[in-house]
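Keep in mind that this is a model prediction, so the values were computed, not measured. Here is how names work: the chains are called A, B, and so on, in the same order as the sequence lines, proteins then strands, and each is numbered from 1.
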Amino acid sequence: SSLFVFDHKLTLKTCGTTTTLFCLEELFRVVKEHLDWNFCQKGKVNPYKVFYSRRCFMFPKKQQGIHQNWDDETQYLNKFFSNGKSYLVGRLGQANHWSLYVTETNRDLDGQDENFDGSEEDDDENDDDDDDETLEMLMTGLTPSRASQFVTTREPGQPVESDTDDEGHVLGAQVTEDTQLDRIYDNVEGVSFQQDAFAFTPCGYSANVVMDQEYYYTLHVTPEDGWSYASFESNVPVTKVSGGTQDNIAVMERVLQVFGPSDFCLTFFSRRSHNDNFAKLKKLTDRVSNYTRKDKIVYQLDDYHLLYLRFERN
Amino acid sequence: TVSLNAIPSPSYIDRELSANLDSTDAFEGPEKLLEIWFYKNSSCVPDNAKTLRSIDFSTWVRLLQLVKCQVLSMKQTEKMNAFLLSE
(Lines give C-alpha, C1' and ligand atoms only; values in the text may rest on other atoms or scores of the structure.)
Protein backbone atom coordinates (compact mmCIF):
# COMPACT_ATOMS: atom_id res chain seq x y z
CA SER A 1 0.00 0.00 0.00
CA SER A 2 1.09 3.59 -0.58
CA LEU A 3 0.25 7.15 0.36
CA PHE A 4 1.43 10.18 -1.60
CA VAL A 5 0.99 13.59 -0.05
CA PHE A 6 1.42 16.74 -2.09
CA ASP A 7 0.74 20.30 -0.95
CA HIS A 8 -2.76 20.28 -2.43
CA LYS A 9 -3.76 16.62 -2.90
CA LEU A 10 -3.20 13.09 -1.66
CA THR A 11 -3.38 9.63 -3.16
CA LEU A 12 -3.98 6.62 -0.95
CA LYS A 13 -3.77 3.16 -2.49
CA THR A 14 -4.30 0.22 -0.18
CA CYS A 15 -4.30 -3.53 -0.71
CA GLY A 16 -5.80 -6.46 1.18
CA THR A 17 -8.56 -5.94 3.72
CA THR A 18 -7.73 -2.32 4.49
CA THR A 19 -10.53 0.10 5.32
CA THR A 20 -9.55 2.98 3.08
CA LEU A 21 -12.67 5.10 3.33
CA PHE A 22 -12.76 5.01 7.12
CA CYS A 23 -10.15 7.77 7.22
CA LEU A 24 -12.39 10.34 5.54
CA GLU A 25 -14.09 11.84 8.57
CA GLU A 26 -10.84 12.23 10.48
CA LEU A 27 -8.98 13.48 7.42
CA PHE A 28 -11.37 16.38 6.88
CA ARG A 29 -11.33 17.12 10.61
CA VAL A 30 -7.52 17.24 10.51
CA VAL A 31 -7.29 19.58 7.53
CA LYS A 32 -9.82 21.87 9.17
CA GLU A 33 -8.05 21.86 12.52
CA HIS A 34 -4.41 21.88 11.34
CA LEU A 35 -4.66 23.90 8.14
CA ASP A 36 -7.85 25.88 8.64
CA TRP A 37 -9.17 24.38 5.39
CA ASN A 38 -12.92 24.17 5.66
CA PHE A 39 -14.69 22.43 2.80
CA CYS A 40 -18.04 22.06 4.59
CA GLN A 41 -21.15 23.01 2.67
CA LYS A 42 -24.60 22.08 3.95
CA GLY A 43 -23.29 19.28 6.13
CA LYS A 44 -21.09 17.74 3.45
CA VAL A 45 -17.56 18.37 2.22
CA ASN A 46 -16.78 19.76 -1.19
CA PRO A 47 -13.06 19.72 -2.04
CA TYR A 48 -11.81 20.37 -5.56
CA LYS A 49 -12.12 16.78 -6.78
CA VAL A 50 -12.40 13.26 -5.38
CA PHE A 51 -11.74 9.96 -7.14
CA TYR A 52 -12.28 6.53 -5.60
CA SER A 53 -11.83 3.41 -7.69
CA ARG A 54 -11.03 -0.26 -7.56
CA ARG A 55 -11.06 -3.37 -9.67
CA CYS A 56 -13.61 -5.88 -8.41
CA PHE A 57 -12.27 -7.96 -5.56
CA MET A 58 -11.29 -11.59 -5.89
CA PHE A 59 -12.58 -12.34 -2.36
CA PRO A 60 -15.17 -9.65 -1.57
CA LYS A 61 -16.61 -11.47 1.46
CA LYS A 62 -13.26 -11.21 3.21
CA GLN A 63 -13.36 -7.41 3.03
CA GLN A 64 -14.41 -5.45 6.09
CA GLY A 65 -17.63 -3.47 6.49
CA ILE A 66 -18.64 -1.25 3.60
CA HIS A 67 -15.85 -2.58 1.39
CA GLN A 68 -17.69 -5.84 0.82
CA ASN A 69 -19.72 -4.29 -1.95
CA TRP A 70 -19.65 -1.28 -4.21
CA ASP A 71 -23.12 0.01 -3.35
CA ASP A 72 -22.19 0.30 0.32
CA GLU A 73 -18.98 2.13 -0.55
CA THR A 74 -20.92 4.52 -2.77
CA GLN A 75 -23.50 5.19 -0.06
CA TYR A 76 -20.72 5.88 2.41
CA LEU A 77 -19.02 8.30 0.00
CA ASN A 78 -22.33 10.05 -0.60
CA LYS A 79 -22.58 10.75 3.12
CA PHE A 80 -19.48 12.96 2.73
CA PHE A 81 -19.79 14.35 -0.78
CA SER A 82 -22.87 15.95 -2.28
CA ASN A 83 -21.97 15.76 -5.94
CA GLY A 84 -20.51 12.31 -6.53
CA LYS A 85 -21.29 9.94 -9.38
CA SER A 86 -20.72 6.22 -9.44
CA TYR A 87 -19.74 4.14 -12.47
CA LEU A 88 -19.39 0.42 -13.05
CA VAL A 89 -17.00 0.07 -15.97
CA GLY A 90 -16.63 -3.10 -18.00
CA ARG A 91 -18.75 -6.22 -18.27
CA LEU A 92 -21.11 -6.73 -15.39
CA GLY A 93 -21.39 -10.24 -14.08
CA GLN A 94 -17.78 -10.91 -14.94
CA ALA A 95 -15.01 -10.96 -12.41
CA ASN A 96 -12.97 -8.21 -13.93
CA HIS A 97 -15.01 -5.01 -14.05
CA TRP A 98 -13.81 -1.80 -12.53
CA SER A 99 -15.69 0.67 -10.36
CA LEU A 100 -15.27 4.41 -10.07
CA TYR A 101 -16.71 7.17 -7.91
CA VAL A 102 -15.90 10.74 -8.88
CA THR A 103 -17.18 14.10 -7.67
CA GLU A 104 -17.92 17.10 -9.80
CA THR A 105 -15.10 19.59 -9.84
CA ASN A 106 -15.51 22.39 -7.32
CA ARG A 107 -14.46 25.23 -9.57
CA ASP A 108 -14.58 27.72 -6.71
CA LEU A 109 -11.26 26.20 -5.63
CA ASP A 110 -9.37 26.18 -8.92
CA GLY A 111 -8.01 29.70 -8.55
CA GLN A 112 -8.81 30.40 -12.17
CA ASP A 113 -8.90 34.08 -13.02
CA GLU A 114 -11.77 35.43 -15.01
CA ASN A 115 -10.99 37.38 -18.17
CA PHE A 116 -12.07 40.97 -18.58
CA ASP A 117 -15.12 39.85 -20.55
CA GLY A 118 -16.14 37.65 -17.62
CA SER A 119 -15.44 34.38 -19.39
CA GLU A 120 -13.08 31.81 -17.96
CA GLU A 121 -10.09 30.59 -19.93
CA ASP A 122 -10.40 27.25 -21.71
CA ASP A 123 -8.66 24.56 -19.65
CA ASP A 124 -6.99 23.23 -22.79
CA GLU A 125 -5.26 26.52 -23.39
CA ASN A 126 -3.78 26.75 -19.93
CA ASP A 127 -0.20 26.08 -19.06
CA ASP A 128 1.16 22.54 -19.32
CA ASP A 129 1.29 22.34 -15.54
CA ASP A 130 -2.49 22.20 -15.53
CA ASP A 131 -2.47 18.91 -17.37
CA ASP A 132 -2.84 15.83 -15.23
CA GLU A 133 -2.73 12.24 -16.35
CA THR A 134 -2.77 8.93 -14.54
CA LEU A 135 -2.06 5.54 -16.07
CA GLU A 136 -3.04 2.44 -14.15
CA MET A 137 -2.63 -1.23 -15.09
CA LEU A 138 -4.29 -3.93 -12.98
CA MET A 139 -3.04 -7.39 -13.85
CA THR A 140 -4.06 -10.92 -12.85
CA GLY A 141 -2.78 -14.39 -13.72
CA LEU A 142 0.91 -13.50 -13.65
CA THR A 143 3.24 -15.87 -15.50
CA PRO A 144 4.55 -18.15 -12.70
CA SER A 145 8.22 -17.74 -13.56
CA ARG A 146 7.84 -13.97 -13.41
CA ALA A 147 5.71 -14.02 -10.27
CA SER A 148 8.46 -16.04 -8.58
CA GLN A 149 10.74 -13.00 -8.75
CA PHE A 150 8.62 -11.53 -5.97
CA VAL A 151 9.11 -14.42 -3.53
CA THR A 152 11.86 -14.12 -0.92
CA THR A 153 13.39 -16.58 1.49
CA ARG A 154 13.92 -14.40 4.53
CA GLU A 155 11.96 -15.20 7.69
CA PRO A 156 9.80 -12.71 9.57
CA GLY A 157 10.63 -11.96 13.17
CA GLN A 158 14.41 -11.84 12.85
CA PRO A 159 16.08 -9.44 15.28
CA VAL A 160 16.99 -6.01 13.94
CA GLU A 161 20.78 -6.13 13.77
CA SER A 162 21.75 -2.94 12.04
CA ASP A 163 20.91 0.72 12.30
CA THR A 164 21.68 1.22 8.64
CA ASP A 165 20.56 -1.80 6.65
CA ASP A 166 17.02 -3.02 6.57
CA GLU A 167 16.59 -6.39 4.93
CA GLY A 168 13.09 -5.88 3.53
CA HIS A 169 14.13 -2.63 1.86
CA VAL A 170 17.47 -3.98 0.67
CA LEU A 171 15.74 -6.98 -0.92
CA GLY A 172 13.06 -4.71 -2.31
CA ALA A 173 15.68 -2.60 -4.05
CA GLN A 174 17.30 -5.76 -5.35
CA VAL A 175 13.97 -6.95 -6.79
CA THR A 176 13.45 -3.57 -8.44
CA GLU A 177 16.81 -3.86 -10.12
CA ASP A 178 16.54 -7.55 -11.06
CA THR A 179 13.12 -7.14 -12.62
CA GLN A 180 14.10 -3.87 -14.32
CA LEU A 181 11.17 -2.10 -12.73
CA ASP A 182 13.55 0.82 -12.34
CA ARG A 183 13.73 1.04 -16.13
CA ILE A 184 10.08 1.42 -16.96
CA TYR A 185 10.78 4.97 -18.09
CA ASP A 186 13.70 6.14 -20.22
CA ASN A 187 14.41 8.96 -17.85
CA VAL A 188 16.73 11.47 -19.41
CA GLU A 189 19.68 13.01 -17.65
CA GLY A 190 18.64 15.59 -15.13
CA VAL A 191 15.44 13.83 -14.08
CA SER A 192 15.96 12.68 -10.51
CA PHE A 193 14.98 9.13 -9.54
CA GLN A 194 14.32 7.87 -6.02
CA GLN A 195 12.92 4.49 -5.12
CA ASP A 196 11.55 3.07 -1.90
CA ALA A 197 10.84 -0.64 -2.38
CA PHE A 198 10.03 -3.41 0.05
CA ALA A 199 10.08 -7.19 -0.37
CA PHE A 200 7.52 -8.79 1.92
CA THR A 201 8.11 -12.18 3.42
CA PRO A 202 7.40 -14.84 2.39
CA CYS A 203 6.30 -13.06 -0.75
CA GLY A 204 4.94 -9.81 -2.14
CA TYR A 205 6.46 -6.52 -3.17
CA SER A 206 5.61 -2.82 -2.99
CA ALA A 207 7.51 0.10 -4.44
CA ASN A 208 7.19 3.85 -4.69
CA VAL A 209 9.35 5.56 -7.28
CA VAL A 210 9.56 9.34 -7.35
CA MET A 211 10.86 11.06 -10.46
CA ASP A 212 11.79 14.70 -10.85
CA GLN A 213 10.70 15.34 -7.25
CA GLU A 214 6.99 15.48 -8.11
CA TYR A 215 5.95 12.47 -10.20
CA TYR A 216 5.51 8.94 -8.97
CA TYR A 217 4.87 5.45 -10.08
CA THR A 218 3.92 2.74 -7.66
CA LEU A 219 3.84 -1.04 -7.90
CA HIS A 220 2.19 -3.65 -5.71
CA VAL A 221 2.51 -7.36 -6.28
CA THR A 222 0.91 -10.42 -4.65
CA PRO A 223 2.46 -13.33 -6.56
CA GLU A 224 0.66 -16.29 -5.01
CA ASP A 225 -0.52 -19.00 -7.40
CA GLY A 226 -4.26 -18.91 -7.92
CA TRP A 227 -4.76 -15.24 -7.14
CA SER A 228 -1.62 -13.59 -8.41
CA TYR A 229 -2.00 -9.89 -8.99
CA ALA A 230 0.13 -6.86 -9.83
CA SER A 231 -0.69 -3.21 -10.19
CA PHE A 232 1.18 -0.33 -11.76
CA GLU A 233 0.02 3.24 -11.32
CA SER A 234 1.81 6.31 -12.62
CA ASN A 235 1.33 10.04 -12.96
CA VAL A 236 4.71 10.40 -14.70
CA PRO A 237 4.47 12.54 -17.85
CA VAL A 238 6.21 10.07 -20.14
CA THR A 239 7.09 12.48 -22.92
CA LYS A 240 8.75 14.89 -20.50
CA VAL A 241 10.86 12.40 -18.53
CA SER A 242 11.92 10.44 -21.61
CA GLY A 243 12.80 13.47 -23.65
CA GLY A 244 10.22 12.41 -26.22
CA THR A 245 11.64 8.93 -26.82
CA GLN A 246 8.78 7.02 -25.18
CA ASP A 247 5.02 6.97 -25.02
CA ASN A 248 2.61 5.21 -22.67
CA ILE A 249 2.29 2.27 -25.04
CA ALA A 250 6.01 1.60 -24.61
CA VAL A 251 5.56 1.93 -20.85
CA MET A 252 2.68 -0.53 -20.91
CA GLU A 253 4.75 -3.04 -22.90
CA ARG A 254 7.60 -2.85 -20.39
CA VAL A 255 5.23 -3.48 -17.51
CA LEU A 256 3.70 -6.46 -19.35
CA GLN A 257 7.18 -7.82 -19.98
CA VAL A 258 7.85 -7.89 -16.23
CA PHE A 259 4.63 -9.60 -15.16
CA GLY A 260 3.22 -11.47 -18.18
CA PRO A 261 -0.40 -11.35 -16.92
CA SER A 262 -3.14 -13.49 -18.44
CA ASP A 263 -5.57 -10.58 -18.11
CA PHE A 264 -5.19 -6.89 -17.48
CA CYS A 265 -7.19 -3.71 -17.54
CA LEU A 266 -5.68 -0.35 -18.28
CA THR A 267 -7.23 2.94 -17.24
CA PHE A 268 -6.00 6.32 -18.32
CA PHE A 269 -7.26 9.63 -16.98
CA SER A 270 -6.35 12.94 -18.52
CA ARG A 271 -7.55 16.39 -17.68
CA ARG A 272 -7.04 17.73 -21.18
CA SER A 273 -9.15 16.61 -24.09
CA HIS A 274 -6.22 17.13 -26.47
CA ASN A 275 -3.85 14.86 -24.60
CA ASP A 276 -1.57 13.06 -27.09
CA ASN A 277 -1.12 10.09 -24.80
CA PHE A 278 -4.88 9.70 -24.49
CA ALA A 279 -5.25 9.76 -28.27
CA LYS A 280 -2.49 7.17 -28.78
CA LEU A 281 -3.89 4.77 -26.20
CA LYS A 282 -7.38 5.19 -27.61
CA LYS A 283 -6.12 4.02 -31.00
CA LEU A 284 -4.44 1.01 -29.44
CA THR A 285 -6.00 -2.02 -31.04
CA ASP A 286 -3.95 -5.02 -32.10
CA ARG A 287 -0.58 -3.47 -31.38
CA VAL A 288 -0.24 -5.36 -28.09
CA SER A 289 1.54 -8.56 -29.01
CA ASN A 290 0.17 -11.76 -27.46
CA TYR A 291 -2.96 -10.00 -26.19
CA THR A 292 -6.44 -9.47 -27.55
CA ARG A 293 -8.42 -6.42 -26.60
CA LYS A 294 -11.79 -7.35 -25.12
CA ASP A 295 -13.20 -3.98 -24.07
CA LYS A 296 -12.65 -0.34 -24.88
CA ILE A 297 -14.75 2.27 -23.09
CA VAL A 298 -14.38 6.04 -23.14
CA TYR A 299 -16.01 8.37 -20.63
CA GLN A 300 -16.09 12.13 -20.44
CA LEU A 301 -16.27 12.91 -16.75
CA ASP A 302 -16.83 16.59 -16.13
CA ASP A 303 -13.37 18.00 -16.83
CA TYR A 304 -11.60 14.63 -17.09
CA HIS A 305 -11.44 12.03 -19.82
CA LEU A 306 -11.24 8.36 -18.99
CA LEU A 307 -10.18 5.48 -21.20
CA TYR A 308 -10.71 1.90 -20.03
CA LEU A 309 -9.18 -1.00 -21.92
CA ARG A 310 -9.20 -4.68 -21.04
CA PHE A 311 -7.01 -7.33 -22.63
CA GLU A 312 -6.66 -11.10 -22.39
CA ARG A 313 -3.59 -13.08 -23.30
CA ASN A 314 -4.02 -15.11 -26.50
CA THR B 1 23.19 -7.39 -2.95
CA VAL B 2 22.28 -3.72 -2.95
CA SER B 3 23.24 -2.10 0.33
CA LEU B 4 20.83 0.42 1.74
CA ASN B 5 23.73 2.85 1.65
CA ALA B 6 23.61 2.60 -2.13
CA ILE B 7 20.00 3.69 -2.16
CA PRO B 8 19.22 7.40 -1.76
CA SER B 9 18.36 7.67 1.91
CA PRO B 10 14.75 7.13 2.82
CA SER B 11 13.54 9.81 5.18
CA TYR B 12 12.15 7.22 7.57
CA ILE B 13 12.11 3.45 8.05
CA ASP B 14 10.29 1.50 10.75
CA ARG B 15 12.85 -1.28 11.19
CA GLU B 16 10.87 -3.22 13.79
CA LEU B 17 7.80 -3.33 11.57
CA SER B 18 9.93 -4.20 8.56
CA ALA B 19 11.52 -7.12 10.37
CA ASN B 20 8.28 -8.55 11.69
CA LEU B 21 5.78 -8.16 8.86
CA ASP B 22 4.46 -11.47 7.65
CA SER B 23 2.49 -11.59 4.41
CA THR B 24 1.52 -15.26 4.72
CA ASP B 25 -2.17 -14.44 5.11
CA ALA B 26 -2.26 -11.75 2.43
CA PHE B 27 -4.67 -12.81 -0.27
CA GLU B 28 -6.38 -9.86 -1.95
CA GLY B 29 -4.39 -7.95 -4.52
CA PRO B 30 -6.83 -5.44 -6.02
CA GLU B 31 -6.40 -2.13 -4.24
CA LYS B 32 -8.75 0.60 -3.20
CA LEU B 33 -7.56 3.87 -4.69
CA LEU B 34 -8.62 7.14 -3.11
CA GLU B 35 -7.44 10.44 -4.56
CA ILE B 36 -8.52 13.71 -3.01
CA TRP B 37 -7.65 17.02 -4.62
CA PHE B 38 -8.30 19.69 -2.03
CA TYR B 39 -7.23 22.34 -4.53
CA LYS B 40 -6.48 22.25 -8.26
CA ASN B 41 -2.75 22.75 -7.75
CA SER B 42 -0.32 23.91 -5.11
CA SER B 43 -0.53 27.54 -6.17
CA CYS B 44 -4.27 27.53 -5.39
CA VAL B 45 -3.65 26.65 -1.74
CA PRO B 46 -4.61 29.57 0.55
CA ASP B 47 -1.66 31.75 1.26
CA ASN B 48 -1.12 30.92 4.91
CA ALA B 49 2.06 28.86 4.41
CA LYS B 50 0.37 25.66 5.52
CA THR B 51 -0.35 22.78 3.17
CA LEU B 52 -1.10 19.08 3.47
CA ARG B 53 2.63 18.53 3.86
CA SER B 54 2.56 20.69 6.99
CA ILE B 55 0.57 17.97 8.75
CA ASP B 56 2.94 16.17 11.07
CA PHE B 57 4.07 12.61 10.57
CA SER B 58 2.36 11.30 13.72
CA THR B 59 -1.00 12.57 12.46
CA TRP B 60 -0.59 10.62 9.22
CA VAL B 61 0.32 7.55 11.26
CA ARG B 62 -2.88 7.96 13.28
CA LEU B 63 -4.99 8.49 10.15
CA LEU B 64 -3.52 5.41 8.56
CA GLN B 65 -4.41 3.34 11.62
CA LEU B 66 -8.05 3.95 10.69
CA VAL B 67 -7.28 2.38 7.33
CA LYS B 68 -5.48 -0.57 8.96
CA CYS B 69 -2.12 0.42 7.54
CA GLN B 70 1.21 1.15 9.18
CA VAL B 71 4.07 3.19 7.77
CA LEU B 72 6.99 1.01 6.67
CA SER B 73 9.02 3.87 5.28
CA MET B 74 8.69 7.38 3.91
CA LYS B 75 10.62 9.49 1.45
CA GLN B 76 10.38 13.22 1.28
CA THR B 77 11.18 15.21 -1.84
CA GLU B 78 10.86 18.89 -2.66
CA LYS B 79 7.26 18.48 -3.75
CA MET B 80 5.83 15.35 -2.20
CA ASN B 81 6.00 12.85 0.65
CA ALA B 82 5.77 9.20 -0.42
CA PHE B 83 4.79 6.68 2.24
CA LEU B 84 5.26 2.94 1.76
CA LEU B 85 2.73 1.10 3.88
CA SER B 86 2.15 -2.32 5.38
CA GLU B 87 -0.46 -4.67 3.82
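Taking the side chain as every heavy atom from C-beta outward, B:Pro30 and A:Met58 approach each other to under 4.5 Å. With a 4.5 Å cut-off on side-chain heavy atoms, B:Trp37 and A:Leu109 do not count as touching. B:Lys40 places none of its side-chain heavy atoms less than 4.5 Å from the side chain of A:Lys9. With a 4.5 Å cut-off on side-chain heavy atoms, B:Leu64 and A:Cys23 do not count as touching. Between A:His8 and B:Leu52, the closest side-chain pair of non-hydrogen atoms is not below 4.5 Å. Side-chain contact check for A:Val30 versus B:Ile55: some heavy-atom pair is nearer than 4.5 Å. A heavy-atom distance below 4.5 Å is not found between the side chains of B:Ser86 and A:Ser1. Counting only heavy atoms from C-beta outward, the side chains of B:Thr59 and A:His34 approach each other to under 4.5 Å.
Of the possible donor and acceptor atoms, one in the side chain of A:Thr19 sits under 3.5 Å from a partner among the backbone N and O of B:Leu66. Distance alone, capped at 3.5 Å, is enough to place a donor-acceptor pair between the A:Gln213 side chain and the B:Glu78 backbone.
B:Lys32 has no carboxylate O lying under 4.0 Å from a charged side-chain N of A:Glu73, or vice versa, which leaves the two without a salt bridge. With respect to the salt-bridge test (charged N to carboxylate O, under 4.0 angstrom), the residues A:Asp7 and B:Arg53 qualify.
Of the two parts of A:Val50, the backbone and the side chain both hold a non-hydrogen atom closer than 4.5 Å to a non-hydrogen atom of chain B. The contact between A:Phe28 and chain B is made entirely by side chain atoms (from C-beta outward), counting heavy-atom distances below 4.5 Å. Only the backbone of A:Ala197 has a heavy atom closer than 4.5 Å to any heavy atom of chain B. With a 4.5 angstrom heavy-atom cutoff, A:Leu138 touches chain B only via side-chain atoms. The parts of A:Thr17 that come within reach of chain B are both its backbone and its side chain, each placing non-hydrogen atoms under 4.5 angstrom from that chain. For a residue to count as touching a neighbouring chain, one of its non-hydrogen atoms must lie under 4.5 Å from one of that chain's; by this rule A:Phe39 touches chain B with the side chain only. With a 4.5 angstrom heavy-atom cutoff, A:Leu100 does not touch chain B via any of its atoms.
In summary, of the residues considered (A:Thr14, A:Leu12, A:Leu3), a side-chain contact (heavy atoms from CB on, under 4.5 Å) with B:Cys69 occurs for A:Thr14 alone.
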Which is it for B:Glu31 and A:Ser231 under the side-chain hydrogen bond (donor to acceptor under 3.5 Å, both in side chains) test, yes or no, and what are the steps along the way? CA-CA 8 Å; B:Glu31 303 99 337; A:Ser231 73; 2.4 Å; yes
Would you check, one step at a time, whether the test salt bridge (Lys or Arg N to Asp or Glu O under 4.0 Å) holds for A:Glu26 with B:Arg62? CA-CA 9 Å; A:Glu26 181 65 5; B:Arg62 189 167 46 79; 2.5 Å; yes
Passes ring pair (Phe, Tyr, Trp, His ring centres under 6.0 Å), B:Phe27 versus A:Tyr229? Steps please. CA-CA 10 Å; B:Phe27 57 90; A:Tyr229 175 87; over 10 Å; no
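A:Tyr48 and B:Phe38 have their aromatic ring centers separated by at least 6.0 angstrom. Aromatic rings from B:Tyr39 and A:Phe6 are positioned such that their centres are separated by 6.0 Å or more.
In this structure, A:Gln195 CD and B:Leu84 CG are separated by 10.5 Å, a value rounded to the nearest 0.5 Å. Separating the OG1 atom in A:Thr201 from the CG atom in B:Leu21 is a distance of 9.5 Å, to the nearest 0.5 Å.
Smallest separation of non-hydrogen atoms from A:Glu224 and B:Ser23: OE2-O, 4.2 Å. Annotation for A:Phe198 and B:Ser18: closest pair CE1-OG, 3.1 Å, computed over non-hydrogen atoms.
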